[in-house]
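Below is one structure; the comments refer to it alone.
Order of the sequence lines sets the chain letters (A, B, ...), proteins ahead of strands, with each chain counted from 1.
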Amino acid sequence: MAERRYDPREIEPRWQEVWDREHSWEVSNQPDERPKAYVLEMLPYPSGEPHIGHLKTYSVGDAIAHFRRRNGYRVLHPMGYDAFGLPAENHAIKTGEHPRDSTQKSIEAFQRQFRAWGISIDWTREFGTHEPRYYRWTQWIFLKLLERGLAYRREAAVKWCPHDQTVLANEQVIDGRCERCGHEVEVRQLEQWFFRITDYADRLLEDLDTIEWPEHVKTMQRNWIGRSEGAEVVFRCEDLGIDYPVFTTRPDTLFGATFFVMAPEHPDVFRLAAGTEHEQAVHEYVNHALNESAEQRGDAEKPKTGVPLGRTVTNPVNGEQLPMFVADYVLMEYGTGAIMGVPAHDERDHEFAQAFDLPIRQVIECGEELPCTGDGPMVNSGQFDGKHNREAYEEIVRWLDREGRGHASVNYRLRDWLVSRQRYWGCPIPVVYCEGCGIVPIPEDQLPVVLPDVEDYAPKGRSPLAAAEDWVNTKCPSCGGPARRETDTMDTFVDSSWYFLRYCDAGNDQAAWDREVVDMWMPVDQYIGGVEHAILHLMYARFFCKALTDMDLLDVNEPFSALFTQGMVTKDGSKMSKSKGNTVDPARISDRYGADTARCYILFIGPPDQDVDWSDEGVEGTHRFLARLWRLGMDVAESTEAAPVPEAPEGDDLVLVRKAHWAIEKVSADMRRFAFNTAISAVHELVNESYRLRDAAGPGALRFAAQTAASLIFPFAPHTGADVYDRLTGRQVWLEPWPEADPDLLETDTFTLVVQVNGKVRDRLEASASATPDELKAMAREAPNVRAHLDGHEIVKEIVVPGKLVNIVVR
RNA sequence: GCGGGCGUGGCGGAACGGUAGACGCGCCGGCCUUAGGAGCCGGUGGGCCUCACGGCCCGUGGGGGUUCGACUCCCUCCGCCCGCACCA
């Protein structure tokens, strides 16, 4: 055999050129007889060069896209860039380089790498979210939401990052710190734009049942929405004649309320305290609480603090006067900003009562130490005594309703989505402020509101855009009078909440999308990305689709029918980072071993949904395997004539042909369950078997085995697969239907019968596949090593698993 | 604290309730070769008995249970990872 070297540097560009020239991965918006499949990876943020995580995401996605194509689907597989955002802007502040320029450079690096990796993308649909031809429509969606009342502006206590000089969404605050830079966030009262995602809380929750997502992602979304059923109960302050409703999930504990607490932000606290001996103390406490960082304030471990307001409210169920307090453990944003304190049955209230020496009254006998939250019969609860608390719950709510002192109610942890950002590199919010007309939307035909260039990107507590005076000062589209533009930009999560819709109709310059085209492609059949987006992006995108569908602009209730979350790639057991110096540069790996090796290896080292640790020795093994497969194909092509697959193979031919069919079956099944690691293992086995039988098997069987291996490896190593398949058959593997296993060849005439005695394997026998259970039992009993274990024992029972084993139970 | 996940050779990992350790890395041996860091072939969980063929025992974080049979199902404990965390 001739000396031959597997040379990805020659093979890979050659096939990339073919795919380019033949537009192999482009797909038109004209439907045909094939069913559609929309396969999508979460769009990357273009910063620097692609990293190993991108390689993993797209290795998974591309395998799925190829598999679907060859199973007869018309596959949409696009990509683009989530190009607005802070890193590019921070880079601009440091270097003065326009974010547009640094972003463009990075996009070019992504384009180069993705082509070198041979990912099967329809590049005709590519865009960046920072391009006016895209964000024009982001602005259009904003106006639609505004029109519908789903975008609104209000003053609110918002989370402010002093380092990034911008407000943040609740979802972007982690442990009281900015998710981007890690600085402690502050609370500020500011007027900001919000999206009314809370209107959709119930549907966002319920519709989780209709989609195929990993259970833990659904759980995270459910927790984030945080639906709580309970009741609103009205407590009246007689002194001032004001009713204060509270939300409680435990109306059954109403008789156990011994105090009443308001949040420091509650608008009435000063009014209540005015003229009492506590007035001064309340002022001091509230000021202190408001200046506390979110982290300090939010710490559940910290001892309970608060001050009395010097007033009382009336408990509607028993007329008791409960002392009022202000305390920072009560949050203004949840419920009504006030609570009833039930120290016997709530841990926090219990702590507070102990700190302030307040009475603790048990109203449910739950058989545990106080505070207890369990169930049991009611006590100290008037007419409800003796009833089970669950029953009393319903009755108390009905009683409150009848008396006009309350009603059943539902609360959510989810808050409206704060979308204003006081930053430069984002999508401008398309409204102006007019002295006469107030907030005026920019008319649709004047979009896009183009992001102007500025000199200084550094934020100074207001958006850098405010410095672009010529741009800011404009005319009111409504009255023609002087007006000022909104200078805040939108949260970049707005950009990424609809990009998958735009891919469907990316070239459309008349509309964001053509309704028919989007309805045809959507929903995304398989979405692939990191679990870090389990809440933010995935919740926002779902909200957008529901809102747009309600406006009859779409018919997409859920954008992502199925979600696959891939695990991280670590090195030496920990997350890769430049500071640790444990990064693996995918470009270097693919330069050295070829893209196919890099892609295959990353899928081979472990289940793709789990974190996997990169090993430099391991990648050599995968390179060896691909070289071995390639060499097999080349040798077989050269040394044998193009012989047909034997119709009735025998002997070693049969063994090899069977192995090929076994591999087809195994890989197909593994593809469907994303078990790419074991799928690749199956191709290993087929290649190994081909080498073992290289001299014994005939040319037809050998060719069949080699071309099957090429065909099966193609979704993971497309260049190598295409090259070997082409050499052996002269055909383009990506146009070939996915192979089907012949059921006759999956079955064998004989099998290895395992014989157990009392569950322990004692022998293995070759048995005929057509043997009856009785015949198998008889065989089993006769096996020499089995007889030794049966000797002197009584057979109690014999279990036969056809095609597998016999277990003889003895005493 | 609450919720979710995980625990298998020296390592990454395989195993519809039915042969534990597929496949790969590493290691050992052989062939080829002037050479081999190339390639091909074989071996490789631990302990014990046997010249050998072969056989026996132990083994999937610990303990218990269900079952003819448990890595797999149930209970419990330990350890690690990831979410959420004063949401009334």
Heteroatom pairs (N/O) under 3.5 angstrom, protein to nucleotides 7-15 of chain B:
| residue | atom | partner | partner atom | Å |
| --- | --- | --- | --- | --- |
| B:G12 | O2' | A:Ile605 | O | 2.8 |
| B:A14 | OP1 | A:Asn677 | ND2 | 3.0 |
| B:A15 | OP1 | A:Arg673 | NH2 | 3.2 |

Every protein N/O lying under 3.5 Å from an N/O of nucleotides 40-43 of chain B:
| residue | atom | partner | partner atom | Å |
| --- | --- | --- | --- | --- |
| B:C40 | OP1 | A:Arg628 | NH1 | 2.7 |
| B:C41 | OP2 | A:Arg628 | NH1 | 3.4 |

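At a threshold of 4.0 angstrom between heavy atoms, the contacts of A:Gln756 include nucleobase atoms, whether or not backbone atoms are also involved. Nucleic acid contact class of A:Val754 (heavy atoms, under 4.0 Å, all strands): base. As judged by a 4.0 angstrom heavy-atom cut-off over every strand, A:Ser615 is placed among residues making no nucleic acid contact. Within the nucleic acid shown, A:Gly621 comes within 4.0 Å of sugar-phosphate atoms alone, with no base atom in reach, counting heavy atoms only. At a threshold of 4.0 angstrom between heavy atoms, the contacts of A:Ser228 are confined to the sugar-phosphate backbone, with no base atom among them. Among the atoms of the strands shown, base atoms are found under 4.0 Å from some heavy atom of A:Val801.
A 3.5 Å limit on both hydrogen-bonding distances identifies B:C41 as the Watson-Crick or G-U partner of B:G29. In this structure, B:G59 forms no base pair with any nucleotide, since neither Watson-Crick nor G-U wobble geometry is met with both distances under 3.5 Å. B:G1 is paired with B:C84 under the Watson-Crick or G-U wobble criterion, all donor-acceptor distances under 3.5 Å. Using N1 to N3 plus N6-O4 or O6-N4 for Watson-Crick, or N1-O2 and O6-N3 for G-U wobble, each under 3.5 Å, B:C11 pairs with B:G24.
Shown here are the ring pair (Phe, Tyr, Trp, His ring centres under 6.0 Å) partners of A:Trp224, two or more places apart in sequence or in another chain: there are none. Residues passing the side chain to side chain contact (heavy atoms under 4.5 Å, CB included) test with A:Gln610 are A:Pro607, sequence neighbours excluded. With sequence neighbours excluded, no residue forms a ring pair (Phe, Tyr, Trp, His ring centres under 6.0 Å) with A:His789. Residues meeting the disulfide bond (SG atoms under 2.5 Å apart) test with A:Cys372, sequence neighbours left out: A:Cys366. Under the rule for a salt bridge (Lys or Arg N to Asp or Glu O under 4.0 Å), the partners of A:Arg781 that lie at least two apart in sequence or sit in another chain are A:Glu798. For A:Phe564, the ring pair (Phe, Tyr, Trp, His ring centres under 6.0 Å) partners two or more places apart in sequence, or in a different chain, are A:Phe674. A search for side-chain hydrogen bond (donor to acceptor under 3.5 Å, both in side chains) contacts involving A:Lys804 returns nothing, not counting sequence neighbours.
Atom CG of A:Leu626 is separated from atom P of B:C23 by 17 Å (rounded to the nearest Å).
Ion pairing of A:Arg599 with A:Asp596 is absent here, as no side-chain N (NZ or NE/NH1/NH2) approaches a carboxylate O to less than 4.0 Å.
Inspection of the A:Asn785 and A:Asp763 side chains reveals no N or O donor paired with an N or O acceptor under 3.5 Å.
Against RNA chain B, the stretch residues 409-417 of chain A makes heavy-atom approaches under 4.0 Å through A:Arg413, A:Arg415. The stretch residues 785-798 of chain A touches RNA chain B through A:Asn785, A:His789, A:Lys797, each having a heavy atom under 4.0 angstrom from the strand.
Residue A:Lys760 has a polar side-chain atom (N or O) positioned under 4.0 Å from OP1 or OP2 of B:C58.
Regarding the sugar-base torsion, B:G9 falls in the syn class, its angle being within 90° of 0.
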Atom pairs and distances, side-chain donor-acceptor, residues 662-671 of chain A, under 3.5 Å, sequence neighbours left out:
| residue | atom | partner | partner atom | Å |
| --- | --- | --- | --- | --- |
| A:Lys666 | NZ | A:Asp670 | OD2 | 3.3 |
| A:Ser668 | OG | A:Ile664 | O | 2.6 |
| A:Ser668 | OG | A:Trp738 | NE1 | 2.9 |
| A:Asp670 | OD1 | A:Arg673 | NE | 3.2 |
| A:Asp670 | OD1 | A:Arg673 | NH2 | 2.9 |
| A:Asp670 | OD2 | A:Thr678 | OG1 | 2.9 |
| A:Asp670 | OD2 | A:Ala679 | N | 3.3 |

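The CD atom of A:Glu212 sits 10.5 Å away from atom CG of A:Leu563, with the distance rounded to the nearest 0.5 Å.
Less than 6.0 angstrom separates the ring centroid of A:Tyr244 from the ring centroid of A:His266.
The aromatic rings of A:Phe259 and A:Phe325 sit perpendicular, their planes meeting at an angle over 60°, well past the 30° parallel limit.
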Going through the checks in order, is the side chain to side chain donor-acceptor pair (under 3.5 Å) test met by A:Tyr329 and A:Thr305?
CA-CA 8 Å; A:Tyr329 81 95; A:Thr305 60; over 6 Å; no
